[in-house]
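Input: a single structure, listed below in structure tokens.
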Amino acid sequence: MQVDSQRFLKDLHRLRRFGAQGPGVVRPAYSEPDVAARAWLADQMRDAGLRVEVDAMGNLFGLADGPSILLGSHSDSQPTGGWLDGALGVIAALEIARAAGGGVSVVSFQDEEGRFGVTTGSAVWSGNLAQDKADGLEDHAGQSLAEARRAMADMVTGPVDPAQFTGYIEMHIEQGPYLEANNEQIGVVEHIVGIRDMVITMVGQQNHAGTMPMHLRQDAFQALSAFNTALNDRLRNVVTPSTVWTIGHVSLSPNASSIVPGQVRFSMQWRDGEGDRLVRMEKIIRDLAEEIAAERNMTLSFGPMLGLEPVQMDARLRGALEGAAEVEAPGKWRVMPSGALHDATNLSRLMPVAMLFVPSIGGISHAFEEDTAEEDLVAGLRVMARAVDQLRVG
């Protein structure tokens with residue numbers, strides 16, 4: 001299979017134009033740049049001889065005739081995101097489908113970046129999340145997914161049957177520092193960590209910042225601060241060095257300098273490679289929140305629990321990637337876990353899955369500074385193409 005590396009790089013930069021802002025992109029799910037990017041991708045798929053289908057969520061497929069291997073990722077971005085996250089996997093898939101001349105299908109899943117949940121588009125397509133439940137999810141501005149997906153209504157063709165695919169391979173930037181730090185070009189993923197994500201709300205009493213004594217306050221921000229400070233210590237004997245947890249979004253009300261805040265709403269997310277540990281962490285998080293709320297005479301509520309279980313990569317697909325990596329990047333590849341979540345997690349319930357990584361310069365991702373050297377991008381493309389070629393023959 002002869003891939004065209006210059007065409008591949010050119011298309012990566014063409015996709016970068018949609019929502020471009022400085023060196024990065026602003027292309028959240030269902031935004032105008034996202035929908036425009038999907039329309040452009042659909043045209044490229046048609047030009048490659050693929051049949052374009054779009055399901056109700058806005059997942060975009062370029063389908064080969066007959067049974068095929070599915071390649072791809074996502075093309076939506078974080079609110080302020082990097083130009084390669086997700087886009088790399090979609091454009092690599094498109095180039096391999098062109099070179100293969102058959103037997104390779106392409107997908108760009110919708111809302112992988114979680115404007116409305118956790119890998120929402122592939123979660124619905126795989127059956128991990130019912131469409132009606134997904135439609136009730138809201139973004140941080142209060143818009144529902146049901147309302148947002150109307151932006152793609154005229155592109156929808158209908159459901160896409162997973163049974164036509166023999167497996168799924170996703171190419172992605174590492175989003176971490178390990179490959180670059182070890183002067184390596186390729187990471188073959190052994191497993192993807194599991195994730196839990198929920199919103200916690202604490203409600204106290206809004207009051208005057210000058211006249212209410214400190215010992216009588218029901219200060220929502222003080223409650224959050226106490227929770228955050230205590231959490232690391234409470235988790236200490238449960239977690240491992242690779243376990244991570246994050247409070248990434250905070251909404252404080254009324255968010256004014258002369259008012260004791262009466263309510264705080266914040267995201268709580270944690271990730272680990274073992275499902276049992278995720279469960280133990282959940283109990284600690286809930287118990288601590290209840291303790292803090294009781295101590296400060298505040299009401300407490302938990303939003304829906306979103307998440308996915310840890311997933312092992314398929315041995316056959318992973319073996320093909322490892323063999324291809326040794327040919328294309330001898331001595332410059334490694335087997336490694338994925339600490340980031342990907343659509344492959346959802347697809348693992350439907351078919352065999354595998355992933356490969358290329359380095360991220362400085363380990364930076366989910367930021368405008370995200371970047372990867374062109375030679376590493378091309379190396380990843382060649383590894384994936386060689387592996388797909390082997391799998392088609394096998």
Side-chain angles (χ1 to χ4, degrees), residues 1-8 11-12 15 38 41-55 59-75 86-109 121-122 125-126 157-172 186 188-189 313-328 342-344 346-356 358 377-394:
M1 186 189 303
Q2 297 298 315
V3 291
D4 185 333
S5 59
Q6 291 306 308
R7 179 173 59 186
F8 159 70
D11 280 347
L12 263 178
L15 181 53
R38 289 174 188 276
L41 283 167
D43 287 341
Q44 309 316 303
M45 291 173 179
R46 291 187 189 96
D47 289 346
L50 302 171
R51 186 177 79 258
V52 171
E53 301 285 349
V54 180
D55 70 7
N59 297 315
L60 170 65
F61 292 84
L63 302 177
D65 293 330
S68 62
I69 189 165
L70 182 64
L71 310 179
S73 189
H74 64 96
S75 52
L88 171 60
V90 176
I91 298 299
L94 178 64
E95 178 55 37
I96 292 170
R98 287 168 174 151
V104 175
S105 293
V106 179
V107 64
S108 175
F109 286 109
S122 60
W125 185 69
S126 66
T157 58
V160 174
D161 185 1
Q164 65 194 289
F165 306 120
T166 59
Y168 174 70
I169 302 179
E170 183 171 356
M171 178 177 167
H172 211 279
I186 302 294
V188 178
V189 176
M313 300 295 96
D314 176 75
R316 176 171 171 265
L317 299 186
R318 176 181 153 184
L321 290 174
E322 290 176 358
E326 186 56 38
V327 173
E328 297 290 346
H342 301 284
D343 292 307
N346 288 313
L347 270 66
S348 67
R349 66 178 287 164
L350 302 174
M351 64 190 75
V353 300
M355 290 194 70
L356 76 155
V358 294
L377 295 172
V378 172
L381 173 70
R382 289 177 174 162
V383 168
M384 189 158 159
R386 180 176 289 274
V388 168
D389 223 10
Q390 176 188 328
L391 290 164
R392 291 195 308 159
V393 172

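Reckoned from all heavy atoms, side chains included, excluding hydrogens, waters and symmetry mates.
- Rounding to the nearest 0.5 angstrom, the gap separating the CG atom in L88 from the NE2 atom in H172 is 8.0 Å.
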>> Quick one, F61 with V54, criterion side chain to side chain contact (heavy atoms under 4.5 Å, CB included). Give me CA distance, side-chain angles, the key distance, then yes/no.
In response: CA-CA 6 Å; F61 292 84; V54 180; over 6 Å; no
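- Residues passing the side chain to side chain donor-acceptor pair (under 3.5 Å) test with E53, sequence neighbours excluded: R51, T157.
- Rounding to the nearest 0.5 Å places CE of M355 at 7.5 Å from CE of M313.
- P67 is linked by a side chain to side chain contact (heavy atoms under 4.5 Å, CB included) to T166, counting only residues two or more places apart in sequence or in another chain.
- No side-chain heavy atom of V107 sits less than 4.5 Å from a side-chain heavy atom of F165.
- Between atom CZ of residue R38 and atom CG of residue L15 there is a gap of 10.0 Å, rounded to the nearest 0.5 Å.
- Among all heavy-atom pairs drawn from M1 and D389, the shortest one is N-OD2, 3.0 Å.
- Remark: R98 pairs with D11, E95 by the salt bridge (charged side-chain N to carboxylate O under 4.0 Å, His left out) rule, at least two apart or across chains.
- Taking CD of Q164 as the reference point, atom CG of D65 lies at 10.0 Å (rounded to 0.5 Å).
- In this structure Q2 satisfies the side chain to side chain contact (heavy atoms under 4.5 Å, CB included) test with no other residue, sequence neighbours excluded.
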>> For V106 and M45: C-alpha separation, side-chain torsions, deciding distance, then whether side chain to side chain contact (heavy atoms under 4.5 Å, CB included) applies.
In response: CA-CA 8 Å; V106 179; M45 291 173 179; 3.8 Å; yes
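- Listed by chain and number, the residues in a side chain to side chain donor-acceptor pair (under 3.5 Å) with S68 are S105 (sequence neighbours excluded).
- Of the possible donor and acceptor atoms, none in the side chain of D314 sits under 3.5 Å from a partner among the backbone N and O of A354.
- Residues passing the side chain to side chain donor-acceptor pair (under 3.5 Å) test with E326 are W333, sequence neighbours excluded.
- Separating the CG atom in L12 from the CG atom in L94 is a distance of 10.0 Å, to the nearest 0.5 Å.
- For A387, the side chain to side chain contact (heavy atoms under 4.5 Å, CB included) partners at least two apart in sequence or on another chain are A320, L321, A324.
- Here CD1 of I169 is found 8.0 Å from CG of L356. Values are rounded to the nearest 0.5 Å.
- Taking V90 as the reference, L41, S73, S108 meet the side chain to side chain contact (heavy atoms under 4.5 Å, CB included) condition, with sequence neighbours excluded.
- A pairwise comparison of heavy atoms in V52 and A42 identifies CG2-O, 3.4 Å as the closest pair.
- Qualifying side chain to side chain donor-acceptor pair (under 3.5 Å) partners for N346, counting only residues two or more places apart in sequence or in other chains: T119, S122, N128.
- For G380 against I186, the heavy-atom pair with the smallest separation is CA-CD1, 3.7 Å.
- For E170 (side chain) and A344 (main-chain N/O), a donor-acceptor pair under 3.5 Å exists by modelled atom type.
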> Do Y168 and D343 pass the side chain to side chain contact (heavy atoms under 4.5 Å, CB included) test, and can you show the C-alpha distance, the side-chain angles, and the key distance before you say yes or no?
Replying inline: CA-CA 10 Å; Y168 174 70; D343 292 307; 4.2 Å; yes
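- Applying the salt bridge (charged side-chain N to carboxylate O under 4.0 Å, His left out) test to R349 and every residue at least two apart in sequence or in another chain returns nothing.
- Taking D43 as the reference, R46 meet the salt bridge (charged side-chain N to carboxylate O under 4.0 Å, His left out) condition, with sequence neighbours excluded.
- Note on ring orientation: taking the six-membered ring where Trp is involved, the planes of F109 and W125 are tilted (angle from 30° to 60°).
- Across all non-hydrogen atoms, the minimal contact from L50 to A64 is CD2-N, 3.9 Å.
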> Run the side chain to side chain contact (heavy atoms under 4.5 Å, CB included) check on L391 and L317 step by step: do they pass?
Replying inline: CA-CA 8 Å; L391 290 164; L317 299 186; 3.6 Å; yes
